[in-house]
Q: 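Below is a structure I'd like to ask you about.
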Amino acid sequence: MGEGQGAGVREDAVVLEYEHRLADMEDAVRLVSRKNGRVGLIHRPVFLACVALAGVALLAVSVRAADGTAMSFGVMFTVWPVLMYFAPRLAAAQLLKANRHHGRIQVSVGPEGVRTVSAHADLRMDWANYGSYAESKGVFALRSPDKAGHCAIVLVKRGARTPEDVDRLRAVLDGRLRRV
């Protein structure tokens, strides 16, 4: 990490240290996708499975009836859910590729906001830059304040020193942001 690592970290701040991994990024992409209201429905595995089953049924009917149009829709409704299921992994791979050069990252979360320090960056962002947050088993995804609520930063739980730090982080986030 760059010079001054740890400089300016308040004692009441929760500190996470980690390197980005594909699984963490994929978890965050899926989490944010599912939290985007009605649009998030298309990213739920149960919905995708139902669409795929409908596509297979449509394919079976179209083969019996020798209907080319129905067969086209059957193929589309079978392939589309498979692509949508893998879309978060592909997006996460691109995000990881774009962020891997940062190496080990130290993130400090406290009353003043979020500070991220890596080999190539030292970034401080106030709470006004975030509108809400979502939590999964492995990550906290801080979302932008706009209506779409895109992911602004991923905080990886495995970067916490102790399980109590994850609880403290959750308390800080609950005090500053709306949980979705």
Q: Walk me through whether F140 and L142 qualify under side chain to side chain contact (heavy atoms under 4.5 Å, CB included).
A: CA-CA 6 Å; F140 291 99; L142 278 58; 4.3 Å; yes
Q: Going by the rule salt bridge (charged side-chain N to carboxylate O under 4.0 Å, His left out), which residues pair with R143 if we only count those two or more places apart in sequence or in a different chain?
A: none
Q: Could you list all the salt bridge (charged side-chain N to carboxylate O under 4.0 Å, His left out) pairs where at least one residue sits in residues 50-63, not counting sequence neighbours?
A: none
Q: Name each donor-acceptor pair under 3.5 Å that joins a side chain in residues 50-60 to protein atoms two or more places apart or in another chain, with its distance.
A:
none

Q: Supply the atom-to-atom distance S132 OG to L173 CG, rounded to the nearest 0.5 angstrom.
A: 10.5 Å
Q: Using 0.5 Å steps for rounding, measure from the CZ atom of R104 to the OG atom of S118.
A: 12.0 Å
Q: Are V180 and W127 linked, directly or through other ILVMFWY residues, by side chains that come within less than 4.5 angstrom of each other?
A: no
Q: Is it true that V79 and F73 fall in one hydrophobic cluster, defined by side-chain heavy atoms closer than 4.5 Å?
A: no
Q: Other hydrophobic cluster members with V61, side-chain heavy atoms of Ile/Leu/Val/Met/Phe/Trp/Tyr under 4.5 Å, chained?
A: none
Q: Look at the side chain of N99 and the backbone N and O of L96, then say whether any donor-acceptor pair between them is shorter than 3.5 Å.
A: no
Q: For V154 and A28, which heavy atoms make the closest approach, and how far apart are they?
A: CG2-CB, 3.5 Å
Q: Got a salt bridge between R124 and E112, using NZ or NE/NH1/NH2 to carboxylate O under 4.0 Å?
A: no
Q: Identify, with sequence neighbours excluded, every residue that meets side chain to side chain contact (heavy atoms under 4.5 Å, CB included) alongside S136.
A: D27, L31, V139
Q: Using every non-hydrogen atom in the two residues, find where L155 and Y18 come nearest and quote the distance to one decimal.
A: CA-OH, 3.9 Å
Q: Using the rule that two of Ile, Leu, Val, Met, Phe, Trp, Tyr join whenever any of their side-chain heavy atoms come within less than 4.5 Å, decide whether M76 and Y85 are in one cluster.
A: yes
Q: Assess whether atom CZ of F86 is packed by more than 12 heavy atoms of other residues, nucleotides or ligands within 6.0 Å.
A: no
Q: Please give me the minimum heavy-atom distance between A91 and V29, naming the atom from each residue.
A: CB-CG1, 4.2 Å
Q: Of all the heavy-atom pairs spanning V14 and L169, show the shortest one and how long it is.
A: CG2-N, 3.7 Å
Q: Tell me which pairs pass side chain to side chain donor-acceptor pair (under 3.5 Å) where either residue lies in residues 169-180, with sequence neighbours left out.
A: Y133-D174, Y133-R179, E135-R170, E135-R179, D167-R170, D174-R179
Q: Apart from V46 itself, which Ile, Leu, Val, Met, Phe, Trp or Tyr residues share its cluster (side-chain heavy atoms under 4.5 Å, direct or through members)?
A: none
Q: Can you list the residues that meet the side chain to side chain contact (heavy atoms under 4.5 Å, CB included) rule with V63, with sequence neighbours excluded?
A: M71
Q: Should V82 and V75 be counted in the same cluster of Ile, Leu, Val, Met, Phe, Trp and Tyr side chains packed under 4.5 Å apart?
A: no
Q: Which Ile, Leu, Val, Met, Phe, Trp or Tyr residues join V32 in one cluster when any pair of side-chain heavy atoms under 4.5 Å counts as a link?
A: none
Q: Which residues satisfy the side chain to side chain donor-acceptor pair (under 3.5 Å) test with T69, sequence neighbours excluded?
A: none
Q: Could you measure the distance from the CG atom of L90 to the CG atom of L95? Nearest 0.5 Å is fine.
A: 11.0 Å
Q: Output the distance between atom CZ (R115) and atom CD (Q106), rounded to the nearest 0.5 Å.
A: 7.5 Å
Q: Output yes when a side-chain donor or acceptor of H120 lies under 3.5 Å from a complementary backbone atom of H101, and no otherwise.
A: yes
Q: Closest heavy-atom contact between D12 and P111?
A: OD2-CG, 3.3 Å
Q: Between M25 and Q94, is there a side-chain heavy-atom distance shorter than 4.5 Å?
A: no
Q: Does anything in residues 71-97 form a salt bridge (charged side-chain N to carboxylate O under 4.0 Å, His left out)? List the pairs, not counting sequence neighbours.
A: E26-R89
Q: Is any NZ, NE, NH1 or NH2 atom of the basic residue among D24 and K157 found under 4.0 Å from an Asp or Glu carboxylate oxygen of the other?
A: no
Q: Between V15 and R161, is the side chain to side chain contact (heavy atoms under 4.5 Å, CB included) condition met? List the steps.
A: CA-CA 8 Å; V15 178; R161 292 182 181 123; 3.8 Å; yes
Q: With sequence neighbours excluded, give me every salt bridge (charged side-chain N to carboxylate O under 4.0 Å, His left out) pair touching residues 51-63.
A: none
Q: For the pair I105 and E17, evaluate side chain to side chain contact (heavy atoms under 4.5 Å, CB included) and give the outcome as yes or no after the intermediate values.
A: CA-CA 6 Å; I105 297 171; E17 289 190 32; over 6 Å; no
Q: Give the minimum heavy-atom separation between V156 and L16, together with the two atoms involved.
A: O-CD1, 3.9 Å
